[in-house]
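A quick write-up on the structure given underneath.
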Amino acid sequence: KIFTTVVIAYLLFASCSSSKNKALRVPKDASTVIRLNGASITSKANWNDLIRADWYRRARQMNTDSFDKQLMEHPEQSGIELKSDFIYFTHKRDFTTYSVFEGNLKSASDFEKLLKEKNPGKKVEDAGPFHYMLVGNSDLVSWTKSKFVYIEGQQLMGQSPSVPLDSLTAYAKSIYDLEMQNSIES
């Protein structure tokens with residue numbers, strides 16, 4: 001829910017940008033790709049103005065989760081660098097479609113704290129170059145000191161639409177390890 005809310009808020013105020021962000025990479029064969037210029041958005045839309053808007057008040061009234069409400073009122077406490085670029089993309093690999101939302105972090109410890117508070121009982125795992133938390137059947141949030149990657153996987157064939165944890169972590173690793181020549185920026 002948190003990432004969906006952030007994506008929707010940024011999409012409503014997104015502006016186009018031709019800037020390249022080397023830290024955020026997208027595979028060449030990704031289908032849908034949306035780049036959000038956080039610096040441009042935050043320079044044009046004051047967060048206090050956003051939370052006073054009618055659409056925001058209505059959305060807040062419909063949301064009963066006090067944690068989500070607190071996060072929307074104080075997004076700077078998330079550990080996410082709101083003035084950097086964000087990327088959303090979808091990517092089909094074999095019989096799985098991955099929806100990915102990635103961005104930069106200003107505080108990995110604040111981000112981890114946020115995840116632990118939002119997902120009590122869920123365990124933070126160490127995958128070597130990154131940490132991760134399985135937050136749903138096929139939803140994985142991973143992060144390094146400087147970047148986060150949220151992945152939702154969906155099987156296109158088989159009995160269950162769930163994607164196994166090892167497939168999600170392998171896909172996360174492929175995003176962190178993606179080289180420029182294999183990205184859309186090459």
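Heavy-atom basis, side chains included; hydrogens, waters and symmetry copies ignored. These figures come from a predicted structure and were not determined experimentally. We count residues from 1, following the sequence as given.
- With sequence neighbours left out, the side-chain hydrogen bond (donor to acceptor under 3.5 Å, both in side chains) criterion links Asp94 to no other residue.
- Of all heavy-atom pairs between Phe89 and Arg25, the closest is CE2-O, 3.9 Å.
- Taking NZ from Lys173 and OG1 from Thr169, the interatomic distance works out to 10.5 Å, rounded to the nearest 0.5 Å.
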Under 3.5 Å, which donor-acceptor pairs do the side chains of residues 121-136 form with other protein atoms, sequence neighbours left out?
residue	atom	partner	partner atom	Å
Asp126	OD1	Gly128	N	2.8

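- Note that CG of Leu82 is 7.5 Å distant from CD of Glu76, once rounded to the nearest 0.5 Å.
- A distance-only check finds no donor-acceptor pair linking the side chain of Ser40 to the backbone of Asn37 [under 3.5 Å].
- Contact between Ile151 and Tyr171 at its shortest, heavy atoms only, is CD1-CD2, 3.8 Å.
- Salt bridge present: Arg35 and Glu185 bring a charged side-chain N and a carboxylate O closer than 4.0 Å.
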Practice item. Test Phe111 against Val141 for side chain to side chain contact (heavy atoms under 4.5 Å, CB included), laying out the working first. Key: CA-CA 10 Å; Phe111 185 73; Val141 180; 3.7 Å; yes

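- Asn182 contributes no side-chain N or O that, together with a main-chain N or O of Leu178, makes up a donor-acceptor pair within less than 3.5 Å.
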Review point. Side chain to side chain contact (heavy atoms under 4.5 Å, CB included) between Glu81 and Lys83: does it pass, once the steps are laid out?
Key: CA-CA 6 Å; Glu81 178 54 66; Lys83 293 183 180 180; 3.5 Å; yes

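- To the nearest 0.5 Å, the span separating OH on Tyr176 from OG1 on Thr144 amounts to 5.5 Å.
- Residues meeting the side-chain hydrogen bond (donor to acceptor under 3.5 Å, both in side chains) test with Ser107, sequence neighbours left out: Ser109, Asp110.
- Judged as a side chain to side chain contact (heavy atoms under 4.5 Å, CB included), and not counting sequence neighbours, the contacts of Thr90 are Ser31, Thr32, Tyr88, Ser99.
- Here Asp29 pairs with Pro27, His91 under the side chain to side chain contact (heavy atoms under 4.5 Å, CB included) rule; sequence neighbours left out.
- Summarising the geometry, atom CG belonging to Leu165 is positioned 11.5 Å from atom CG belonging to Asn137; distances are rounded to the nearest 0.5 Å.
- In this structure, the side chain of Tyr98 does not engage the main chain of Leu168 through any donor-acceptor pair within 3.5 Å.
- Leu36 has its side chain out of reach of Asp85: every pair of non-hydrogen atoms, C-beta onward, lies at least 4.5 Å apart.
- For Glu152, the salt bridge (charged side-chain N to carboxylate O under 4.0 Å, His left out) criterion is met by no residue, not counting sequence neighbours.
- Using the six-membered ring where Trp is involved, Phe101 and Phe86 have ring planes that are parallel, under 30° apart on the 30 and 60° scheme.
- Remark: Thr96 engages Gln155 in a side-chain hydrogen bond (donor to acceptor under 3.5 Å, both in side chains) (not counting sequence neighbours).
- Counting only distance, with no hydrogens or angles, the side chain of Ser167 and the backbone of Val163 share no donor-acceptor pair below 3.5 Å.
- Atom OH in Tyr150 sits 14.0 Å away from atom CD in Glu102 (nearest 0.5 Å).
- Scanning for side-chain hydrogen bond (donor to acceptor under 3.5 Å, both in side chains) contacts around Asp166 gives an empty result, with sequence neighbours left out.
- Remark: Lys92 pairs with no residue by the salt bridge (charged side-chain N to carboxylate O under 4.0 Å, His left out) rule, at least two apart or across chains.
- The two residues Ser162 and Ser138 come nearest to each other via the heavy atoms CA-OG, 3.0 Å.
- For Ser183 (side chain) and Lys28 (main-chain N/O), no donor-acceptor pair under 3.5 Å exists by modelled atom type.
- Residues satisfying the side chain to side chain contact (heavy atoms under 4.5 Å, CB included) test with Lys145, not counting sequence neighbours, are none.
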